[in-house]
Number of protein chains: 2
Amino acid sequence: MHCWVDGQPADTVPLKDRGLAYGDGLFETIAVKAGRPVLLDRHLQRLEEGCRRLALKVDHSLVRNEVLAYAAGLGEGVLKLILTRGDSLRGYGMNPDAAVRRIVQGSPPASYPLAHGIDGIRLFPCATRLAEQPLLAGLKHLNRLEQVIARAEWQDVEHAEGLMLDMSERVIEGVFSNLFIVSNGLLLTADLKRCGVAGVMRAEILAQAEALGVPVAVADINVEQLRQADEVFVCNSVYGIWPVRECAAMSWSVGPLTRKLQGIVRALLDI
Amino acid sequence: MHCWVDGQPADTVPLKDRGLAYGDGLFETIAVKAGRPVLLDRHLQRLEEGCRRLALKVDHSLVRNEVLAYAAGLGEGVLKLILTRGDSLRGYGMNPDAAVRRIVQGSPPASYPLAHGIDGIRLFPCATRLAEQPLLAGLKHLNRLEQVIARAEWQDVEHAEGLMLDMSERVIEGVFSNLFIVSNGLLLTADLKRCGVAGVMRAEILAQAEALGVPVAVADINVEQLRQADEVFVCNSVYGIWPVRECAAMSWSVGPLTRKLQGIVRALLDI
């Protein structure tokens with residue numbers, strides 16, 4: 001299926017695009033099932049928050065309608081939405097008159113091994129640390145060199161994801177996932193006020209757990225807490241939940257809360 | 001003048017380009033005088049270092065030849081060279097077979113007021129702090145959201161540049177410049193091991209000062225050192241050197257070492 005740029009079929013962007021020049025933009029990666037974008041409201045909510053923080057002005061109802069229309073045509077797969085600050089003048093200064101560019105790309109359904117969800121995965125302990133930048137923390141922006149470098153740390157298929165800490169050795173997230181731990185019945189995920197991407201599936205899992213009456217917390221997590229956890233899992237909006245069995249010398253069993261949440265998320269994603 | 005992509009006239013890049021998707025690439029902004037790229041060896045040296053650190057494989061003699069040929073056609077102006085990690089597969093993983101994409105863009109000579117160099121400038125004290133990321137520090141990579149946000153902090157023309165500190169309140173650089181101070185005869189610029197861009201003009205000025213027998217140092221600088229400095233100036237490879245007269249409540253006179261270095265740099269840039 002053709003990509004769309006500003007609502008028109010296109011496969012390129014101008015060289016002047018600020019997404020290319022500076023990574024000046026945001027993106028969303030959205031699972032599409034039966035022509036329907038999954039968790040669309042949460043994706044668009046995060047996108048709006050990102051636009052507000054980066055001062056990107058766009059017609060959000062237009063974005064929603066384009067995503068809905070594109071997803072309907074895609075049927076099954078993954079929709080990637082990128083918003084950039086349009087074309088650049090010279091230099092970092094924003095052109096207040098430049099229109100935000102809307103890019104929609106489709107790809108086939110993700111082909112991760114089913115065993116990742118069933119048996120659980122091994123995390124590679126990345127040496128790359130996330131820098132602490134509160135102005136960008138939580139956003140799914142286009143400055144992703146840290147993830148590129150971290151993902152290049154391992155090539156083997158024994159590791160399905162990588163664990164990322166911040167500069168102060170806090171446990172933050174995966175390279176393309178958020179991370180949860182369960183400790184004494186408490187469901188805990190990292191506070192993302194300094195770095196990290198506030199994932200849509202993370203938000204959904206927090207809400208689902210609260211609805212189940214499970215105590216949840218968003219707080220700093222250190223490596224010792226991770227080691228001592230009863231359950232560990234990672235999540236994102238495409239694959240749902242993968243239990244984590246191992247990371248370096250640490251290991252965990254797949255636990256009941258992980259399985260319960262996995263069931264809920266599978267129903268959402270129709271996996 | 002047309003832009004070039006991989007040596008061919010073009011004005012667009014594919015949507016799959018990793019420069020757009022992740023800011024996965026590097027750039028150089030090169031002054032062109034009489035068809036000749038100024039400080040080309042230093043630009044290409046930094047680019048090679050960046051390619052090594054980001055594992056971007058490219059034929060550097062091809063890049064050099066393209067820059068030389070494009071500059072010859074441009075005559076007078078500014079040449080922007082971008083290297084990206086080519087087209088992406090899905091996700092952050094690098095495709096080892098993807099060719100690095102080479103983008104060359106030209107623009108007319110910069111039109112900064114001459115008074116900036118003659119009378120000196122006022123720096124805006126940016127609230128945006130640079131995150132500390134040693135893996136990316138020094139590189140002129142495409143993840144530039146911090147600069148975009150910082151540059152948006154002021155709109156008035158009274159401020160020609162902005163001063164950027166890091167998260168630990170160290171004095172690092174301008175938004176699009178490096179910064180030097182002179183204190184008791186010592187020429188000092190910030191250590192860029194944690195953040196900042198290691199500018200080509202910064203390297204040239206360090207070398208020129210050493211050749212003049214001026215004591216130079218690359219070290220951490222705090223705000224008090226900046227305040228107490230005898231001379232302050234900013235530099236980049238397009239405008240050369242601008243003396244700094246004021247930043248918030250701090251002020252300085254334009255001093256003799258600034259003027260001496262400015263003369264050398266002006267000759268290089270033929271300003």
Side-chain angles (χ1 to χ4, degrees), chain A residues 3 5 10-25 27 29 53-55 78 80 82 84-85 90-94 96 103 105 107-108 110-111 127-136 139 141-152 155 162 167 175-176 194-195, chain B residues 3 5 10-25 27 29 53-55 78 80 82 84-85 90-94 96 103 105 107-108 110-111 127-136 139 141-152 155 162 167 175-176 194-195:
Chain A
C3 304
V5 174
D11 289 311
T12 62
V13 287
L15 291 180
K16 286 185 170 182
D17 188 274
R18 288 175 65 102
L20 174 66
Y22 307 129
D24 191 4
F27 71 111
T29 306
R53 286 173 57 189
L54 294 185
V78 177
K80 183 169 177 177
I82 300 178
T84 76
R85 204 184 304 276
R90 188 150 71 189
Y92 295 119
M94 300 173 185
I103 301 168
Q105 300 169 277
S107 55
S111 56
T128 303
R129 295 289 180 268
L130 292 164
E132 297 170 26
Q133 176 49 277
L135 291 174
L136 298 175
L139 302 184
H141 55 69
L142 296 173
N143 279 200
R144 301 262 71 107
L145 273 171
E146 289 177 335
Q147 283 70 34
V148 170
I149 294 171
R151 184 59 191 85
Q155 310 301 328
M167 294 286 170
V175 176
F176 55 94
R194 303 178 196 90
C195 57
Chain B
C3 303
V5 174
D11 289 310
T12 63
V13 288
L15 292 180
K16 286 184 171 184
D17 188 274
R18 288 176 66 101
L20 173 66
Y22 307 130
D24 191 5
F27 70 110
T29 306
R53 286 173 58 188
L54 294 185
V78 177
K80 183 169 178 176
I82 301 178
T84 76
R85 204 184 305 277
R90 189 149 72 189
Y92 295 119
M94 300 173 185
I103 301 168
Q105 300 168 278
S107 54
S111 56
T128 304
R129 295 290 179 266
L130 292 163
E132 297 170 27
Q133 177 49 275
L135 292 174
L136 298 174
L139 301 183
H141 55 69
L142 296 174
N143 279 199
R144 299 262 73 106
L145 273 172
E146 288 178 334
Q147 283 70 33
V148 169
I149 294 171
R151 184 60 191 84
Q155 310 302 329
M167 294 285 170
V175 175
F176 55 93
R194 303 178 196 90
C195 56

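Lettering of chains follows the sequences in order, A, B, ..., and the numbering in each one begins at 1.
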A.B. asks: Pick one of side chain, backbone, both or neither for B:Thr29, based on which atoms fall under 4.5 Å of a heavy atom in chain A.
C.D. replies: neither
A.B. asks: Which of the residues A:Cys195, A:Ala150, A:Ser107 is involved in the greatest number of heavy-atom pairs with chain B at under 4.5 angstrom?
C.D. replies: A:Ser107
A.B. asks: So, for B:Gln105 and A:Lys16, which heavy atoms are closest and what is the spacing to 0.1 Å?
C.D. replies: NE2-N, 4.2 Å
A.B. asks: Show the nearest heavy-atom pair for residues B:Met94 and A:Val148, with the distance to one decimal.
C.D. replies: CE-CG1, 3.7 Å
A.B. asks: Which pair of non-hydrogen atoms, one from A:Glu132 and one from B:Ala131, has the smallest distance, and what is that distance?
C.D. replies: O-CB, 3.5 Å
A.B. asks: Give the minimum heavy-atom separation between A:Val175 and B:Tyr92, together with the two atoms involved.
C.D. replies: O-CE1, 3.5 Å
A.B. asks: Could you look at B:Arg85 and say if it's the side chain, the backbone, both or neither that has a heavy atom under 4.5 Å from chain A?
C.D. replies: side chain
A.B. asks: Between atom CD1 of A:Ile149 and atom CG of B:Leu54, what is the distance when rounded to the nearest 0.5 Å?
C.D. replies: 5.5 Å
A.B. asks: Which one of B:Pro134, B:Pro14, B:Gly91 has the most heavy-atom pairs closer than 4.5 Å to chain A?
C.D. replies: B:Pro14
A.B. asks: Could you go through the side chain to side chain contact (heavy atoms under 4.5 Å, CB included) check for B:Val13 and A:Asp17 one step at a time?
C.D. replies: CA-CA 10 Å; B:Val13 288; A:Asp17 188 274; over 6 Å; no
A.B. asks: If we only count heavy atoms from C-beta on, is the A:Leu135 to B:Glu146 side-chain gap below 4.5 Å?
C.D. replies: no
A.B. asks: Relative to chain A, which of B:Asp24, B:Ile103, B:Asp11, B:Leu15 shows the most heavy atom pairs under 4.5 Å?
C.D. replies: B:Leu15
A.B. asks: Quick one: are B:Gln133 and A:Gln133 in side-chain contact, heavy atoms under 4.5 Å?
C.D. replies: no
A.B. asks: Chain B heavy atoms under 4.5 Å from A:Leu145: which part of the residue, side chain, backbone, both or neither?
C.D. replies: both
A.B. asks: For each of B:Gly23, B:Gly25, B:Ala152, tally heavy-atom pairs with chain A at distances under 4.5 Å, and name the one with the top tally.
C.D. replies: B:Gly23
A.B. asks: Who among B:Lys80, B:Arg144, B:His141, B:Arg129 has the most heavy-atom pairs with chain A under 4.5 Å?
C.D. replies: B:Arg144
A.B. asks: Given that the side chain runs from C-beta out, which part of B:Arg18 has a heavy atom under 4.5 Å from chain A: side chain, backbone, both or neither?
C.D. replies: side chain
A.B. asks: What pairs with A:Arg151 under salt bridge (charged side-chain N to carboxylate O under 4.0 Å, His left out), at least two apart in sequence or on another chain?
C.D. replies: none
A.B. asks: Does any heavy atom of chain A fall under 4.5 Å from the side chain of B:Leu142, the backbone, both, or neither of them?
C.D. replies: both
A.B. asks: Does any backbone or side-chain atom of A:Arg53 lie under 4.5 Å from a heavy atom of chain B? Answer side chain, backbone, both or neither.
C.D. replies: neither
A.B. asks: Against chain B, label A:Ala110 side chain, backbone, both or neither, depending on which of its atoms sit under 4.5 Å from a heavy atom there.
C.D. replies: both
